[in-house]
Every structure is written in structure tokens, then in C-alpha cells.
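These figures come from a predicted structure and were not determined experimentally. Worth knowing before you read on, the calculation uses all heavy atoms, side chains too, and leaves out hydrogens, waters and symmetry mates. Here, residue 1 is the first one in the sequence, and each next residue gets the next number.
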Amino acid sequence: WSQSASREGLLKPQELETGIFKEAQQQWNHTPSLPTMNRRRQRWINKAFVSFLGIGYIRPASATFGSLAAVLVLYWSWPDVAFEIKLLLIAVLFSVGTWICEQVERDEKLHDPHFIVIDEVVGIMIVTIFLAHVWWQWVLAFFLFRFFDILKIWPASVFDRRKGGFSIMIDDVLMALPALFLLTLM
């Protein structure tokens, strides 16, 4: 518009370089497009989800804090949920977590970024699937899960080295199983 207005004699070239026209042009050039704003918002939502609403950003030991937060949240509600619903919630959270972890890992260009703790949440959900409101069992579940999650025995160790959302999620699921097994023996 400004170039055609200048050619038609409505605006002099020096008027284009000053005042309100220059300010408007600068603002236009620095305003993100709608797809860019939507992409930023989506990345923020994805990070909030995989970090368990920011818990994953606590350093050091973000996975430990993510597991602890999951235990504290689940302790009050998880024992009262029907077993079938628990299985459904675990499957849904695992599936959504896999998809979003894939996107976050690609966006961040990092292998399994430290702030991703949604895999720990799913692992704690599995370990505590049979627990009642008995505090010492929840404490034991937390420590057993963290022990196996840090140890990363085979086959979890294989997935831990691979990229992708599925690998991020499945290694913690696999480490939840021996912790669950030991808990059921007690």
C-alpha cells in the first residue's frame, strides 16, 4: 500500500520512513503470525503435560520429584478407582504421553529431555494399581519404582537409549513391573 501510495503522489518517500508509517511497519514485521502463536501455545501445553504441570523442571532429580508428585496426587484418589478404569486411564495416559513426548523431543532436539516426567507418572500408576490407603505401602512403592527406574535393567535399558515418545514411555512401564511384582509379594 505504501509503495503504491508513494507512486501516486499521495505520500512522499520521506514520509514513509518516519512517524506512524514506520512504527506500523515495524510492528507488523514483529507480530508473529497466527500459526506461529498457535504453535507456541501448543508447545507450552505439551511441555506442561509432559512435565506434570512443571514438576519436571525441578532440578536436580526431576524424575524423583515427578514420581513423588504422582504418589502424592494418586494416594488420595487412586485406591478408590475401579480396576478397569485404572487400566483405561493408564492406557490413555501412556498413549497420549507417547504422542506428546514424541513432539516435545522433536521440538527440543534433545533425547529424552530431563523435564519429561509423565513416564514416571504412568510408572507410579502401574506400581500402585493394587494399593489401598496404607501410607507405608505407598512409600515402599515410591522407593521400589525409583530403584528400578534408576537401575534400568534389560529390556528397559535398550529403550532408554532409543529416541522417540514410545521409548521414553515404555522404559518406565517396564521398570514399574518388577516394582509391582515385589509389592504384591509383600
Contact check, side chains of M125 and K86, non-hydrogen atoms, under 4.5 Å: no

From L68 atom CG to I124 atom CD1, the distance as rounded to the nearest 0.5 Å: 9.0 Å

Same apolar cluster (I L V M F W Y, side chains within < 4.5 Å links), V81/V73: yes

A82: partners by side chain to side chain contact (heavy atoms under 4.5 Å, CB included), with sequence neighbours left out: E84, I85

Listed partners of F65 passing side chain to side chain contact (heavy atoms under 4.5 Å, CB included), at least two apart: I55, I58

Residues that F143 engages under side chain to side chain contact (heavy atoms under 4.5 Å, CB included), provided they are two or more places apart: V139

Q42 and N46 side chains, donor-acceptor separation under 3.5 Å: yes

Worked check of side chain to side chain contact (heavy atoms under 4.5 Å, CB included) between V173 and I170: CA-CA 5 Å; V173 168; I170 197 68; 4.2 Å; yes

Partners meeting ring-ring contact (aromatic ring centres under 6.0 Å, His included) with Y57 (sequence neighbours left out): F115

Partners passing salt bridge (charged side-chain N to carboxylate O under 4.0 Å, His left out) against R43 (at least two apart in sequence or in another chain): D107, E108

In one Ile/Leu/Val/Met/Phe/Trp/Tyr side-chain cluster, 4.5 Å: L140, L151: yes

Indicate every side-chain donor-acceptor pair of residues 94-101 with a distance under 3.5 Å to a residue at least two apart or in another chain.
unit_1: S95; atom_1: OG; unit_2: A91; atom_2: O; d: 2.9
unit_1: T98; atom_1: OG1; unit_2: F94; atom_2: O; d: 2.7

CA sep, side-chain torsions, deciding dist, call: H133, D80, side chain to side chain contact (heavy atoms under 4.5 Å, CB included): CA-CA 9 Å; H133 287 289; D80 302 324; 3.5 Å; yes

W138: partners by ring-ring contact (aromatic ring centres under 6.0 Å, His included), with sequence neighbours left out: Y75

Cluster check V122, L89: I/L/V/M/F/W/Y, side chain < 4.5 angstrom: yes

Partner set under side chain to side chain contact (heavy atoms under 4.5 Å, CB included) for T64, not counting sequence neighbours: A61, F142, R146

Side chain proximity check, L87 to I129, heavy atoms < 4.5 angstrom: yes

L93 side chain reached by F49 side chain, heavy atoms, under 4.5 Å: yes

Nearest atoms (heavy-atom pairs only) where Q137 meets A132: OE1-N, 4.1 Å

Residues I118, M169; criterion side chain to side chain contact (heavy atoms under 4.5 Å, CB included); working and verdict: CA-CA 8 Å; I118 198 66; M169 296 296 291; 3.8 Å; yes

Listed partners of F130 passing ring-ring contact (aromatic ring centres under 6.0 Å, His included), at least two apart: F83

Hydrophobic cluster identity match, V71 and W136, side-chain contacts under 4.5 Å: yes

Non-hydrogen atoms of V127 and A141 that approach each other most closely: CG1-CB, 3.6 Å

Distance in Å, F52 CZ paired with D119 CG, rounded so as to fall on 0.5 Å steps: 12.0 Å

Contacts of T128 that satisfy side chain to side chain donor-acceptor pair (under 3.5 Å) - sequence neighbours left out: W78

Inter-residue atom distance I116.CD1 - K47.NZ, 0.5 Å rounding: 10.0 Å

Connected-component partners of I45 among ILVMFWY, side-chain separation under 4.5 Å: W44

Backbone of G165 reached by a side-chain donor or acceptor of E102 within 3.5 Å: yes

Shortest non-hydrogen separation from I168 to D172 and the atoms involved: O-OD1, 3.6 Å

Do any side-chain atoms of residues 174-186 form donor-acceptor pairs under 3.5 angstrom with protein atoms, and if so which ones, sequence neighbours left out?
unit_1: T184; atom_1: OG1; unit_2: L180; atom_2: O; d: 3.3
unit_1: T184; atom_1: OG1; unit_2: F181; atom_2: O; d: 2.7

